[in-house]
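Side chains are part of it too, since the values below use all heavy atoms of this structure and drop only hydrogens, waters and symmetry mates. In the text below, chain A, chain B and the rest are named by the order of the sequence lines, each starting its count at 1.
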There are 2 protein chains.
Amino acid sequence: MAYTSEYPPFYVAVDLVILTIRDGAFSVLLVERGGEPFAGRWALPGGFVGIDEDLADAAYRELEEETGVGATSVHLEQLATFGRPDRDPRHRVVSTAYLAVGADLPEVRGGSDASDARWWPVSDAVRQGLAFDHREIVEAGVERVRSKLEYSDLALRFVPRQFTMPELQAVYETVWGVELDPRNFARKVARTERFVQETGEARRGGRGRPARLLEAAGATELMPPMRRE
Amino acid sequence: MAYTSEYPPFYVAVDLVILTIRDGAFSVLLVERGGEPFAGRWALPGGFVGIDEDLADAAYRELEEETGVGATSVHLEQLATFGRPDRDPRHRVVSTAYLAVGADLPEVRGGSDASDARWWPVSDAVRQGLAFDHREIVEAGVERVRSKLEYSDLALRFVPRQFTMPELQAVYETVWGVELDPRNFARKVARTERFVQETGEARRGGRGRPARLLEAAGATELMPPMRRE
DNA sequence: TCTGTTGCTGTCACTCTGACACTAAACCCT
DNA sequence: AGGGTTTAGTGTCAGAGTGACAGCAACAGA
């Protein structure tokens with residue numbers, strides 16, 4: 001069966017801004033483009049949405065294809081939609097960007113197509129020329145995360161299920177690019193009821209005093225919020 | 001010229017959540033649907049995006065068609081994109097919702113098509129059954145506004161260029177549905193540098209002591225933020 | 001057991017917040 | 001003209017949150 005139309009068609013895509021902290025760097029997953037346009041340039045993972053597929057489902061599908069990580073333990077939310085008529089030189093593509101945040105996301109080499117895929121520190125990623133308008137999309141995702149650390153539990157998505165207070169503090173310091181006072185930080189986290197709770201265990205094996213292991217306790221808002229600057 | 005495709009096409013639309021305060025009520029503009037589906041039901045104004053048209057341009061165009069108001073003095077921002085496969089029974093329509101906020105938006109009767117159009121208090125609007133998934137979209141817009149009042153200058157878009165402190169306070173009270181203390185409110189607004197400034201004039205003619213006229217002074221953030229609850 | 005390293009907590013001064021009551025400036029009516 | 005009514009505008013005080021700061025605690029390894 002074929003469809004005809006008086007007008008050229010829209011293509012609808014999803015792009016993923018997958019963020020994690022790797023080796024102490026706030027990082028985004030990029031794939032190297034094999035073909036034109038922008039061959040050899042780095043771009044966000046993404047793809048076209050099926051005609052019967054929900055946008056969020058398409059985002060999950062792309063996420064799993066690129067990282068092998070299921071929805072479990074990865075936070076996924078809609079970021080924004082980018083639809084400038086000239087953003088793709090081939091067709092009219094409207095792309096809804098999704099933001100994914102996870103802990104310990106796996107190393108990736110070679111995506112579904114033969115092209116390369118790797119984690120980039122976000123500062124390096126936006127400095128180089130990304131394909132399409134992906135620099136703008138990455139910046140929107142990064143700003144969303146920086147902002148949501150202030151008042152939400154998003155920081156907990158950057159650490160494993162069990163984590164320590166210094167690890168959680170490092171999330172804020174890495175994402176915001178600032179240094180925080182550990183005493184004030186711990187006080188603020190502890191003040192929010194049901195934000196984190198003690199597991200009773202501790203992380204041993206490193207140097208120095210072992211840090212107590214914490215886990216999320218259900219609260220989704222940090223109240224009062226943590227403030228930048 | 002005709003285009004053919006192996007697959008049924010996507011349609012890309014914009015929907016507008018146009019919010020203002022009318023007669024003391026936080027209100028949204030709805031249009032009555034003339035034809036199927038959802039004939040007779042109320043819906044958000046909106047329409048399809050041209051194949052060479054930017055999403056934001058389409059939103060501006062629809063805004064002007066529906067309200068006669070140009071971009072001037074109306075704040076417009078992208079809200080979110082709604083793309084459930086079954087959200088429109090006819091086609092696959094992916095719709096990007098835009099949020100518009102303005103002061104003194106005009107009364108409207110009869111849109112571009114012959115159907116009716118009018119302002120609804122948002123509580124009445126979401127209570128009745130709106131067409132498509134428009135209830136969800138309205139709720140997203142309302143929540144966005146309630147949230148942005150806390151930390152941005154969005155409240156200034158609900159009042160005319162010159163306004164009084166009680167009028168500005170009424171924006172917060174109406175949108176949040178709470179009562180605020182005028183002393184604490186004025187202190188907080190005045191504390192943020194360059195948020196509002198005196199014009200030297202006063203609003204006369206009403207009952208009681210005339211209120212001094214203020215205007216926006218350039219700051220786009222309310223710091224520290226105004227807090228709900 | 002000594003040293004190095006990292007985790008953890010308490011205090012104090014300051015600012016911000018929320019609660020609260022009175023004075024000021026206009027209008028209206030007599 | 002004066003008194004009453006209505007709305008605008010301000011100051012204080014107690015409690016909470018914040019940022020700056022130093023010292024003790026618990027482990028590993030030598």
Side-chain angles (χ1 to χ4, degrees), chain A residues 24 149-151 155 159-160 162-174 176-215 219 221-229, chain B residues 24 149-151 155 159-160 162-174 176-193 195-215 217 219 221-229:
Chain A
L149 284 198
E150 294 190 51
Y151 57 88
V159 293
Q162 296 202 329
F163 56 91
T164 69
M165 192 66 83
E167 286 167 358
L168 186 61
Q169 180 176 339
V171 171
Y172 281 86
E173 294 182 326
T174 304
W176 284 351
V178 298
E179 296 214 327
L180 301 175
D181 183 288
R183 301 169 287 239
N184 295 339
F185 181 84
R187 179 179 57 192
K188 212 149 175 29
V189 168
R191 184 100 75 201
T192 300
E193 277 312 308
R194 303 192 51 75
F195 193 71
V196 300
Q197 64 193 7
E198 305 264 343
T199 65
E201 296 168 87
R203 172 155 301 167
R204 344 191 96 255
R207 273 182 310 210
R209 176 174 174 174
R212 285 179 288 187
L213 281 169
L214 310 173
E215 57 190 14
E221 284 205 333
L222 195 49
M223 187 66 77
M226 189 96 51
R227 296 270 291 282
R228 285 186 275 182
E229 268 100 308
Chain B
L149 285 198
E150 293 191 51
Y151 57 88
V159 293
Q162 296 201 329
F163 57 91
T164 69
M165 192 66 84
E167 287 167 359
L168 186 62
Q169 180 177 340
V171 171
Y172 281 86
E173 293 182 327
T174 303
W176 284 351
V178 298
E179 296 214 328
L180 301 174
D181 183 289
R183 302 171 288 240
N184 296 339
F185 181 83
R187 178 179 60 192
K188 212 148 175 29
V189 168
R191 185 98 75 202
T192 300
E193 278 312 309
F195 193 71
V196 300
Q197 63 193 9
E198 304 264 343
T199 64
E201 296 169 87
R203 171 154 301 165
R204 344 190 97 255
R207 274 182 310 208
R209 175 174 174 173
R212 285 180 289 189
L213 281 170
L214 310 173
E215 57 190 16
E221 284 206 332
L222 195 49
M223 186 67 77
M226 188 96 52
R227 296 271 290 282
R228 285 187 276 182
E229 268 99 306

How many Å lie between [atom1] on [X] and [atom2] on [N], as a whole number?
X        : N      : atom1 : atom2 : result
A:Gln169 : C:dT6  : CD    : P     : 14 Å
A:Phe185 : D:dG17 : CZ    : C1'   : 17 Å
B:Leu180 : C:dT17 : CG    : C1'   : 13 Å
B:Met223 : D:dT18 : CE    : P     : 14 Å
A:Arg191 : C:dT9  : CZ    : C1'   : 13 Å
A:Leu222 : D:dG17 : CG    : P     : 13 Å
A:Glu198 : C:dT9  : CD    : C1'   : 13 Å
B:Arg203 : D:dG9  : CZ    : C1'   : 16 Å

Quiz item: Does a sphere of radius 6.0 Å around CD in A:Glu221 hold more than 12 heavy atoms from other residues, nucleotides or ligands, not counting ones at 6.0 Å or beyond?
Solution: no
Quiz item: With sugar-phosphate meaning primed atoms plus P, OP1 and OP2, does B:Arg212 contact a base, only sugar-phosphate, or nothing at under 4.0 Å between heavy atoms?
Solution: sugar-phosphate
Quiz item: Is B:Gly206 touching bases, backbone alone, or none of the nucleic acid, heavy atoms closer than 4.0 Å?
Solution: sugar-phosphate
Quiz prompt | Of B:Asn184 and A:Ala186, the one whose closest DNA chain C nucleotide lies more 5' | solution = A:Ala186
Quiz prompt | N/O donor-acceptor pair under 3.5 Å between B:Thr199 side chain and B:Leu213 backbone | solution = yes
Under 4.0 Å: is that the gap between some side-chain N or O of [X] and OP1 or OP2 of [N]?
X        : N      : result
A:Lys188 : D:dG17 : no
A:Arg207 : C:dT3  : no
A:Arg187 : D:dA16 : no

Quiz item: Between CD of B:Gln169 and OG1 of B:Thr164, what distance do you get to the nearest 0.5 Å?
Solution: 9.5 Å
Quiz item: Quick one: CD on B:Glu215 to CD on B:Glu201, what's the gap to the nearest 0.5 Å?
Solution: 8.5 Å
Quiz item: Want to settle it: does B:Asp181 or B:Ala211 sit nearer the 5' end of DNA chain D, counting the closest nucleotide to each?
Solution: B:Ala211
Quiz prompt | Which nucleotide in C:dG18, D:dG19, C:dG7 has an atom nearest any side-chain atom of A:Pro166 | solution = C:dG7
Exercise. Would you mind telling me which of D:dG17, D:dC27, C:dG7 lies closest to the side-chain atoms of A:Arg209?
Key: C:dG7
Quiz item: Is A:Arg183 side chain donor-acceptor paired with the D:dA22 base, going by distance under 3.5 Å alone?
Solution: yes
Quiz item: Quick one: the side chain of B:Arg227 and the base of C:dG18, do they pair up donor-acceptor inside 3.5 Å?
Solution: no
Quiz item: Any side-chain heavy atom of A:Pro224 within less than 4.5 Å of one from A:Lys188?
Solution: yes
